[in-house]
Amino acid sequence: MFTEFTPTGICVLFNSEIYLIFLPVVVGINWALPARFRPAFLLVASYVFYAWWSAPFLLLVVGLTAVNYGIGWWQGRRPERDKRLLVLAVVINLGALAAFKYVGLLDETARSLARVLGLPDVPVIHALLPLGLSFFAFEFIHYQFDVWKGGEPIVNPVRFALFPAFFPTQIAGPIKRYQDFDAQVRRRPRWDSVMALEGVELIALGLFKKVVLGDMFMRQAADPVFASLGSATSVDVWIGMLAFYGQLYFDFSGYTDIGRGSAQLVGYRVPRNFDAPYLASSFQDFWRRWHMSLSSWIRDYIYFPLGGSRLGLARTRLNTLIAMALAGLWHGAAWHFVAFGLVGGAGILADRFLQRVLWSRPGLPPAVSLLGAWAFTQGVWLLMLAFFRAPTSIAAIWVWWKMVPLDLHRNLVTAFQLVDVPLILAALLLVQFAVRRFNPRELIAGMRISLVLRPAYVTSLMSLFLFFFTFGASTRFIYFQF
Amino acid sequence: MPTATQYRFARAVLVTLVATAVLVQIPSIVLARYAAHELWAGQDAASLWQEYRSRPAPEILLLGASSTRSDVDVDSLIESTSSLAGRHVTIAKFGLNGEGPDFYVAALERILSLPTRPRLILLQVDALLFTAKDVLDPTRDLWLLSDPMDGEYMKTALRVAPSPGYLVLDWGVPFFATYPLISVWARCPFTVGARELTRRAHLPATNMARQKTPCEEGAHPSADARMTPEDQEKTRRDWALYLHDYEFSERKAALLREATRMVRRAGATPFLITYPSYRLRSVNASVEERFHSRIVKEASRVQAPLIDLGGYEIDEPELWADAAHLNKWGAKEFSQVLAASIAAAAL
């Protein structure tokens, strides 16, 4: 079904030269146009951005947009909101997602079962996932759900189409809420120097995080370990896991920073996706800080509709596990991603238990309680990541197994990586702690010194990005596969 | 809500950043040219061009790719050719790694616009330079050879460039062309520093510290290098990869014809020349044979004699830097053969 077609274009990566040309051109034209034409222009630019990767798949995006627009419009015209229309919309959006993203998993599972049961072989299907389809589908489902609950649908087709297609968030989120975004479109943003400068700073920071810290330091340490797990020692596995712990954060938060920065340059604010998650000292807190737009989507459109925590302890636990397993499945069409979610769910339940019986125990010094809770949260996340990064669940368990003996030999990581990976992570925690406590940007925003410091900050980050970019170390963003 | 002061400061910072981005363009060109000179030990397009234009045109010019650079020992060739011709013959070479007919046309635009011109121009041809695959992109060298005052060159370069959009971008925003050169060059002291630090700390070398710096690589392969079996094997592997699914580029053939027409129009005589290799012809013999018969036809079509030294065997490995390039000892020895061929064909 899908084997015949392969996209011929190249994805416009945020960390590519093409994007460094595309963005200034779009920003320049956007502000040169009269305000009423800007949404239409941004829509065209966003479609060009998508079509660069694959023009045929753009048709799928446009088709889904048209169908969702129609259903939302029809829903808005009805005196009472119709649940059947909501169900239809959810089936269409999830159907598209299932057809492209999960058909491969179903096929692989069927083939495995057929092998085990000695049944005839099932044909192999190579499904190709259109870029960003998960994000489109989730934004559409949120839209239909909120309109069904009584929200005002977007009647203007350009404004509606721009909501999912908006290029800074198109491929890897954050998952926007239509009320916030459309309110900004309707307000017709005006040039705002403070916002634009923040945008430039976010882009520079994002490129630095992705290319320098994520790709150059962390990926270079993690990849060899996961490529040769058989010959990895426990030190290799620990460094490899810590490096991936850092890489995933730098990669994804770097992407989000570039996306948010790009959005601010054309006058829009999109939600934050990260809020120093590696400082979180409970799992609930962690999910409020990590991929925040997905966490809140899962909470609002899966966990709460399942009953949330209103139906007793047993049902709350079950709902947590279901929501987390689905969140895991969203991350990738493979059973090890389901396991990733389930370990996370178990982590939440264990964390609630520990919060109740251990960390809040009278007499326990607050510092010990805080440090213990932090170590537990981050430790479980680290263990979860084995399922994220390893190719199979068995390999992930092998990683866990390898972490146990704690011998001091290393085989795959260099002496340099042995030092730089923990140091960078420690620096990350310190910087995030300091930034949250003192907010240096706010501190110097109106001070004369900012006239020197802020350009120096942007120029330094960009110089480091360019320095390491030419190493050829930079790769696609991890979250592009979703 | 930001204050009026914050808005004013933000505007000032943005203006500073935009001004920095604009002002960095011109110095970056100067720095990139210096970096290119350092990285390729003076064998980059800009340095070669500066050297070429600083002297009167030679009587014979060898224009081509890396074999022209490595296989031609100009001093020995002058000596041998002069002795065969019975008079002093001036010779120069202009060899840039990987460059083929598209670059020849652009380079000839500049070379033939000088007040003095060569009498004979030998254009290197080999199968790799005529592959239809996009493995050799001349954009960087076309940019390094650019002169905004030379409109004809700019037009020609734009016409022959396989990625004209990138060339326009590099001209419009030179930093796109300069930053890779500057960045690679700037990496040299870092690598040296890392190597020194790991040595002093008695630590096992990191991957970065183990590498040669880009500056140490110089005009790769070096004229002083002697081929090892690993070098030979690597070149054979690369060759096999380049010639896999080989397709002769009609576009490049047309550009070669254009180059010979330009030479002739300028009153000079064009020649085509192939250079020897160390047993590389056996890597993909059928491609080599097809290419050879095709280039013989092209030579006859444009009436440019083919000096075919591709089959000349130099079987001593110590005379090679790798399987595709002679080292300085090999080039010295080869100059006798080359001189004899040039004298027989043209003098």
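Within every chain, numbering begins at 1; the chains are lettered A, B, ... in the order of the sequence lines, protein sequences first and strands thereafter.
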>> Looking at A:Arg448, I'd like to know if its CZ atom is crowded, meaning that more than 12 non-hydrogen atoms belonging to other residues, nucleotides or ligands lie closer than 6.0 Å.
In response: no
> Which answer fits A:Val194, side chain, backbone, both or neither, if we ask what part of it has an atom under 4.5 Å from a heavy atom of chain B?
Replying inline: both
>> Are there over 12 heavy-atom neighbours, none belonging to B:Tyr7, within less than 6.0 Å of that residue's OH?
In response: yes
> Looking at OH of B:Tyr179 and CG of A:Leu20, how far apart are the two atoms once the value is rounded to the nearest 0.5 Å?
Replying inline: 7.0 Å
>> I'd like to check A:Val200 versus B:Leu14 (side-chain heavy atoms, cut-off strictly below 4.5 Å). Are they in contact?
In response: yes
> Within a strict 4.5 Å, meaning less than it, do heavy atoms of the A:Leu197 and B:Phe9 side chains meet?
Replying inline: no
> Around A:Trp238, counting heavy atoms of other residues, nucleotides and ligands shown, do more than 12 lie under 6.0 Å from its CH2?
Replying inline: no
> Is chain A contacted by the side chain of B:Phe176, its backbone, both, or neither, given a heavy-atom distance below 4.5 Å?
Replying inline: both
> How close do A:Ser450 and B:Val13 get, heavy atom to heavy atom, and via which atoms?
Replying inline: O-CG2, 3.7 Å
> Below 4.5 Å, heavy atoms only, C-beta onward: do B:Ile182 and A:Leu466 meet side chain to side chain?
Replying inline: no
>> Please classify the contact between B:Thr3 and chain A as side chain, backbone, both or neither, with a heavy-atom cut-off of under 4.5 Å.
In response: neither
>> Surrounding CD of B:Glu250 (heavy atoms of other residues, nucleotides or ligands, distance under 6.0 Å), is the total greater than 12?
In response: yes
> Out of curiosity, B:Leu17 CG to A:Met462 CE, how far, rounded to the nearest 0.5 Å?
Replying inline: 10.0 Å
>> With a 4.5 angstrom heavy-atom cut-off, is it the side chain or the backbone of B:Pro2 that approaches chain A, or both, or neither?
In response: side chain
